[in-house]
Number of protein chains: 4
Amino acid sequence: MERLSRRERERLRHRREILDAALELFSERGYHNVSVRDIAQKAEFSIGTIYKFFEGKEDLYRSLMLDKAEELHAQLIEALRREGDEVEKLRRFITTKCRLFRENVKIVRLYFTETRGAGFSIKAGLDQEIRKKYDECLKLVASIFRSGMEKKIFNDLSDPYRLAVALDSVCNGFIFLWLEKPEEHPLPEDPNLILDIFFKPLLLQSS
Amino acid sequence: MERLSRRERERLRHRREILDAALELFSERGYHNVSVRDIAQKAEFSIGTIYKFFEGKEDLYRSLMLDKAEELHAQLIEALRREGDEVEKLRRFITTKCRLFRENVKIVRLYFTETRGAGFSIKAGLDQEIRKKYDECLKLVASIFRSGMEKKIFNDLSDPYRLAVALDSVCNGFIFLWLEKPEEHPLPEDPNLILDIFFKPLLLQSS
Amino acid sequence: MERLSRRERERLRHRREILDAALELFSERGYHNVSVRDIAQKAEFSIGTIYKFFEGKEDLYRSLMLDKAEELHAQLIEALRREGDEVEKLRRFITTKCRLFRENVKIVRLYFTETRGAGFSIKAGLDQEIRKKYDECLKLVASIFRSGMEKKIFNDLSDPYRLAVALDSVCNGFIFLWLEKPEEHPLPEDPNLILDIFFKPLLLQSS
Amino acid sequence: MERLSRRERERLRHRREILDAALELFSERGYHNVSVRDIAQKAEFSIGTIYKFFEGKEDLYRSLMLDKAEELHAQLIEALRREGDEVEKLRRFITTKCRLFRENVKIVRLYFTETRGAGFSIKAGLDQEIRKKYDECLKLVASIFRSGMEKKIFNDLSDPYRLAVALDSVCNGFIFLWLEKPEEHPLPEDPNLILDIFFKPLLLQSS
DNA sequence: TATGAATGAGTATTCATTCAT
DNA sequence: TATGAATGAATACTCATTCAT
């Protein structure tokens, strides 16, 4: 078991406090409309201290995004890896993804501006790292579809990776709907609401 | 038939040239990383001339987005309104959407940062106007699903609006894939590649 | 008798229209807060035409001030030169000065910013020319005091020029009062209200 | 006795240095012909530092004017309030006013452009604040005249406030004369030179 | 070690003036 | 001759970053 010195623990706590303040501000006003001074004030540190923890505004932003991205993806991947049959795993993917987004609205707003927005945002490098993690997830979902097809649980009507993208996209679509008008379009509690779109035929005369 | 004076035609051409230069730069580097000076230089006009055509940087951006959004949405809506049965209309929606995006990659990058990104970006008002148009499209697609259900062509496995969101999201998902790695993930020419995901059951033992 | 061609007369009328528009705007907003475009619009001429009449914004301003200054000083000097005894002439100076100011509030506002303000205003040259005219007036008033002293009508309690400055200053003081709060401090119709301050002793026990 | 920290004292010194540099430049070239960059260079600070001390160019100007106006008016009012009979007080008013102006030529140039110039200059609000102080002085002088009249020291030939305006105006007139040509028209050391104009009758045969 | 005063490059915007039509 | 589109230098102000204390 690793023990950090009090010094080290304090440092980490301060780092976290700065990141929390930054997230609050960035998610409210966007990267370019928040100054380092704003963050310092909100976190109740001096500007100099911010620069002790991060190389600059950009590094602070990157750290914020990567830290959270890592955390969220770790949870998502854990959910996908847990024991269970294919359908169960897909259900878990959907519920976990929805829960994570619900619990992390602020970072998600920023996250989507980055991952979905044009690649120029802030720094190309950030994008690449997050996309890599994102793709890891998608590939795990794809592998679930593939294994389901091999077990003849799923119809192989499309390439598994594309199916994964499709499933993920539908989740995202519903999440966006919820982000825009939370009361009008609540996030589905029941993953079947999403899964049925894939599992059941929409076209009746499937001749 | 309305005829514009030479003066008027020149003005419009110049306006277009400025917007084109701006689109090029904004899509490459993002709104905040492009200065009015950059745009002026790229468009080969003086800074003052830019301000003759637009009230400011923000107005220039808004004009760019709204002009294009209007154009794209007009085409999309026209495609949805043209005669045809429900399946045909959905196919047309997919092919048109994919074609429009393929032909307008640059604006689409910006478009997605705006419509899907956090609401703070640039100006809330723009967002609202574009989202309204966007929603108009979704509602038209929803009405296709609804009419299909009434005609018993489609299974009413989900709310039509949600189905529209799902279909649109899957299209977006594939478009993003293509945007990231165009060679690896070409945009499907055949709309059935997307439609089959909805039309055919993924789950085999649909007991 | 000099006759101007129609061309020439039109030119002068246009010049006057431009100067009138400029006076209106300058007196409302001040030299630096009025653009040549504003003047052109108000005068209903094109910018280019303004530059046909004046070398630039500064020249326009100078012309405006000098034209009016000449006109006003001409009237003042005429009033001082007209026949009459010393007391009559002083009365005429006061009434004429007050009337001219009342009738030309707009130019007077500008005039005072120039003549009394710091010498930097717009262009030192302007100042000099106007001050010269101004001083001409003062010297005429001084000569009235001097002649009055010689005729033993006036007590020679002070240098005539200084007396002239004093009389003029008291007029200005009352004019400023009136400019600020016209209802509260109306301009005296009766010149004796001002003259009595000089003519009668304020101190009673003039032992 | 209040002691300021070294930090605080430095700050105040820097603020004063900036104001001094600004006064120098404004009085030479006028508000609109001095840029913030000019002031920063003259004060040997960076532009950013100027904005640490003042909200903007206008605020810097206002601070400069109000600081000095307060200081000068405080001294003038103190002079008027000190013990003494009416004639003594008037003498003190004249000598103090002349001394203050002599010692503060630069600010006075600016002061007059503001208080006497057209109301549009810089910002109406400033004008109001200074005029209020100015009027306070005038009313104090008026009260001296009034009390003198009540004591039958002064002849009540005019409204006390108007007399105050007249006296002040004559002082201003002489001060302007001195500002223009200091050698030719030195500021009177002896206040009686001005007072006699009021105290003694100019008209001999006061029939 | 922590602070925040100081820096100055960078940005949006204005406007007097020119000149092709 | 009259026009007004085009020009671009100039300016107020911001903010990421540094560094002396």
Side-chain angles (χ1 to χ4, degrees), chain A residues 7 10-11 14 31-41 44-61, chain B residues 5-8 10-11 14-15 18 32-41 43-60, chain C residues 7 10-11 14 32-41 44-61, chain D residues 5-8 10-11 14-15 18 32-41 43-61:
Chain A
R7 235 348 185 333
E10 279 242 299
R11 253 194 88 77
H14 289 174
Y31 181 80
H32 282 93
N33 301 315
V34 171
S35 72
V36 177
R37 165 172 281 266
D38 291 337
I39 297 167
Q41 254 156 12
E44 293 180 288
F45 286 103
S46 73
I47 294 174
T49 304
I50 306 286
Y51 280 84
K52 283 276 184 297
F53 284 93
F54 304 96
E55 279 171 32
K57 192 186 176 187
E58 207 168 293
D59 180 50
L60 166 50
Y61 184 85
Chain B
S5 69
R6 194 183 49 69
R7 260 292 175 50
E8 208 53 39
E10 279 240 302
R11 256 193 86 77
H14 290 174
R15 194 187 123 100
I18 292 167
H32 285 286
N33 300 313
V34 171
S35 72
V36 177
R37 169 172 282 267
D38 291 337
I39 297 168
Q41 255 155 12
E44 293 179 288
F45 284 103
S46 72
I47 294 174
T49 302
I50 306 288
Y51 282 87
K52 277 276 188 301
F53 284 93
F54 305 97
E55 277 170 35
K57 192 186 174 188
E58 205 169 295
D59 180 51
L60 167 50
Chain C
R7 234 351 181 336
E10 279 241 298
R11 253 193 87 77
H14 289 175
H32 282 94
N33 301 315
V34 172
S35 71
V36 177
R37 166 171 280 266
D38 291 336
I39 297 168
Q41 254 157 12
E44 294 180 288
F45 286 103
S46 73
I47 294 175
T49 303
I50 305 286
Y51 280 85
K52 284 278 185 295
F53 284 92
F54 305 96
E55 277 170 34
K57 192 187 175 188
E58 208 169 290
D59 180 50
L60 167 49
Y61 184 85
Chain D
S5 69
R6 192 184 50 70
R7 258 292 177 49
E8 208 53 39
E10 279 240 299
R11 255 193 85 81
H14 291 175
R15 194 188 123 100
I18 292 167
H32 284 287
N33 300 314
V34 172
S35 72
V36 176
R37 167 173 282 268
D38 291 337
I39 297 167
Q41 256 156 12
E44 294 181 286
F45 284 103
S46 74
I47 294 174
T49 301
I50 307 289
Y51 283 88
K52 276 275 187 301
F53 285 93
F54 305 97
E55 276 169 36
K57 191 187 175 186
E58 205 169 295
D59 180 49
L60 167 50
Y61 184 86

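What you see is a predicted model; the values in this text were computed from it and never measured. By convention in this document, chain letters (A, B, ...) are assigned in the order of the sequence lines, proteins followed by strands, and residues within each chain are numbered from 1.
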### Query
Taking NZ from B:K57 and C1' from E:dT11, how many angstroms apart are they, rounded to a whole number?
8 Å
### Query
Quick one: which of E:dT3, E:dT17, F:dT18 gets closest to the side chain of A:I47?
F:dT18
### Message
Using OP1 and OP2 only, check whether a side-chain N or O of A:H14 sits under 4.0 Å from E:dA2.
### Response
no
### Task
Could you check whether the rings of B:H32 and A:H32 sit parallel, tilted or perpendicular, using 30° and 60° as the cut-offs?
parallel
### Query
Which whole-number value in Å describes the distance from C:R11 CZ to F:dA2 C1'?
12 Å
### Query
To the side chain of D:S35, which of E:dA12, F:dA6, F:dT11 is closest?
F:dT11
## Note on the structure
One should read off an interatomic distance between B:I39 CD1 and B:I18 CD1, to the nearest 0.5 angstrom, of 9.0 Å
### Task
Assign each of B:R37 and D:Y51 to its nearest nucleotide of DNA chain F by heavy atoms, then name whichever residue's nucleotide is nearer the 5' end.
B:R37
### Message
So A:G48, base contact, sugar-phosphate only, or nothing? Heavy-atom distance under 4.0 Å.
### Response
base
#### Entry: Polar side-chain atom of C:K57 near backbone of C:V34 as donor-acceptor pair, under 3.5 Å
yes
### Message
Whole angstroms only, please: what is the CD1-C1' distance between C:I50 and F:dG4?
### Response
12 Å
### Task
Send over the distance from A:D59 CG to F:dA16 P, rounded to a whole Å.
14 Å
### Query
Phosphate oxygens OP1/OP2 of E:dT7: is one of them under 4.0 Å from a side-chain N or O of D:S46?
yes
### Query
Of the nucleotides F:dT11, F:dA6, E:dA6, which has the atom closest to the B:T49 side chain?
F:dA6
